[in-house]
Every structure is written in structure tokens, then in C-alpha cells.
Amino acid sequence: MASPGDVPDPGADISVGQGPAQVTFTSLMDTLISGQRSRGTVLPPVFGLPPKSRQEFQVQNVFDSCAFKTVLSCVLGFGLGGVFGLFTASIPDPTRDIAKESAKDVLRDMGQKSFSYAKNFALIGAMFSACDCAIESYRGKTDWKNGTLAGCAAGGVIGLRAGLKPGVFGCASFAAFSAVIDHYLR
């Protein structure tokens, strides 16, 4: 049975921690209620790392924004498409007479194919990333459904340029591909 000496005094200050970083309950409540909080750091150290500064949070917010993700996907898609276009341009076309072409014609053809692939990959990357980020922001969740819905939207828009049936096929195929990729990468 507890004796009256075992019950803590309600007015007593409860302290947490040891040494110079000791925090008392009263000082914590005064800091939280008074509104005179320090704005320098927001989170305590995690795994021994120092807390993030305000500038680090601002940079992280920029990197997490939909606009940055869309532009990054567009630029990376352009680069990947250019490389893919160079690869496909190196495969000989059986309908053309290679012996009669000059180096200038070959380089021009390589540039045109690379630029065409680069534009298409950039467009697909930007559309997918923008749709994915918008759906994720709207739903408030990060799961496989976001990529699948974004794949359907991007594939459907690309396919609609050729008609309704290609639009439906593009939606289904991009959604299936996105779902498979999400399944294996998560």
C-alpha cells in the first residue's frame, strides 16, 4: 500500500534527461504555451545527426514539390530519350541505301531520331510525374494506386491522339506497366 510520502507533489517539477540538456516539465510547458519558441531548429536529432536548419527544410520542400518533380522527370526523360534515339539510329534501316548516304546525312538522321525520342520521353515523363504527384497530393497517400492511376492518365492522353480505342488501350497498358513497376520497386 502506498504511503503519503510515495505520492509525488503536483507542484513539483518533473525533469527528463541528464546533464546540461535536462528539460523540466515546467520549462517545456512555458516554452510551448508562451509562443516564445526558438525558430532555429524544428526537430530533435535523429540517430545522432544534428537537427535540420530552416534552409534545409526549405530545400527539402522544393525537392518534394510537384513542379520540381515534373521538371526533373521532363529533363531526365529528354536525356534518356536522346540516348535511346541514338541507339535506335545506329540500327540500319533496310529500306535505305546506306552506300549512297554521306556522313552528313547519317548525322542529320541520328540527330532527328534522337531529338524525336527525347521529346517523346520528356513528354511522357512530365505527364506521368505531374499526374502522380497531383493524385498523391489529392489522396494524401503514397501507395501503388497513385502510380497506376497516373499511368492510366498519361497513357490515355497519349493514346487519345490516335482515337478512343488507342486511348483506352494506352490507359490500360500504362496502368498495368506502372502497377508492375510499383510492385517490384516497393
Side-chain angles (χ1 to χ4, degrees), residues 39 41-47 49-96 98 101 105-186:
R39 302 287 184 202
T41 59
V42 179
L43 296 176
V46 178
F47 300 119
L49 298 174
K52 290 184 178 181
S53 66
R54 179 178 297 240
Q55 290 83 11
E56 289 173 323
F57 276 110
Q58 289 173 343
V59 169
Q60 183 178 358
N61 288 339
V62 168
F63 285 163
D64 290 341
S65 70
C66 288
F68 181 80
K69 290 178 182 179
T70 301
V71 169
L72 182 66
S73 294
C74 183
V75 169
L76 292 177
F78 190 85
L80 181 66
V83 170
F84 196 73
L86 275 176
F87 173 73
T88 58
S90 67
I91 299 171
D93 187 6
T95 61
R96 293 174 43 179
I98 299 173
E101 289 187 358
D105 292 335
V106 171
L107 290 176
R108 185 181 322 122
D109 183 49
M110 288 177 73
Q112 289 173 346
K113 279 190 177 181
S114 293
F115 189 68
S116 174
Y117 275 88
K119 286 190 308 184
N120 288 333
F121 274 59
L123 178 70
I124 291 169
M127 283 185 0
F128 179 82
S129 180
C131 291
D132 185 41
C133 194
I135 291 169
E136 183 178 332
S137 298
Y138 177 74
R139 292 184 66 227
K141 296 179 184 178
T142 303
D143 58 3
W144 63 273
K145 294 177 186 176
N146 297 339
T148 304
L149 292 172
C152 179
V157 168
I158 291 170
L160 276 177
R161 295 188 299 182
L164 185 60
K165 284 184 182 179
V168 171
F169 181 74
C171 172
S173 60
F174 267 67
F177 182 74
S178 298
V180 168
I181 293 297
D182 274 344
H183 175 71
Y184 285 108
L185 291 182
R186 287 187 190 219

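When all heavy atoms of Cys66 and Ala134 are compared, the pair lying nearest together is SG-N, 4.3 Å. Of all heavy-atom pairs between Lys141 and Glu136, the closest is O-CG, 3.3 Å. When all heavy atoms of Thr142 and Asn146 are compared, the pair lying nearest together is CA-ND2, 3.6 Å. For the pair Ala122 and Cys74, the tightest heavy-atom approach, listed with the atom from each and the gap, is CB-O, 3.4 Å. Between Thr148 and Ala175, the shortest heavy-atom contact is O-CB, 3.5 Å. In plain terms, the two heavy atoms of Gly147 and Ser178 that are nearest each other are O-CB, 3.3 Å.
Going from atom CD of Gln58 over to atom OG of Ser53 covers 8.5 Å, rounded to the nearest 0.5 Å. Rounding to the nearest 0.5 Å gives a distance of 5.5 Å between CG of Leu123 and CD1 of Ile158.
Taking the six-membered ring for Trp and thresholds of 30 and 60 degrees, Phe63 and Phe68 have ring planes inclined between 30 and 60 degrees apart.
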Handout entry: Working for side-chain contact (heavy atoms from CB on, under 4.5 Å), residues Asn120 and Ser116
Key = CA-CA 6 Å; Asn120 288 333; Ser116 174; 4.1 Å; yes

Practice task
Mind running side-chain contact (heavy atoms from CB on, under 4.5 Å) on Ile124 and Phe174 for me, showing each step along the way?
Solution key: CA-CA 11 Å; Ile124 291 169; Phe174 267 67; 3.9 Å; yes

Handout entry: Stepwise side-chain contact (heavy atoms from CB on, under 4.5 Å) check, Phe115 with Phe78
Key = CA-CA 8 Å; Phe115 189 68; Phe78 190 85; 3.8 Å; yes

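Other residues, nucleotides and ligands contribute over 12 non-hydrogen atoms within 6.0 Å of the CZ atom of Phe121.
At distances below 3.5 Å, at least one donor-acceptor pair connects side-chain atoms of Ser129 with backbone N or O atoms of Lys69. Of the possible donor and acceptor atoms, one in the side chain of Thr88 sits under 3.5 Å from a partner among the backbone N and O of Gly85. Under a 3.5 Å cut-off, the side chain of Ser173 and the backbone N or O of Gly170 do form a donor-acceptor pair.
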Show me, pair by pair, the donor-acceptor contacts under 3.5 angstrom made by side chains of residues 105-112, not counting sequence neighbours?
from, atom 1, to, atom 2, distance (Å)
Asp105, OD1, Arg108, NH1, 3.4
Asp105, OD2, Ser102, OG, 3.4
Asp109, OD2, Arg96, NH1, 3.2

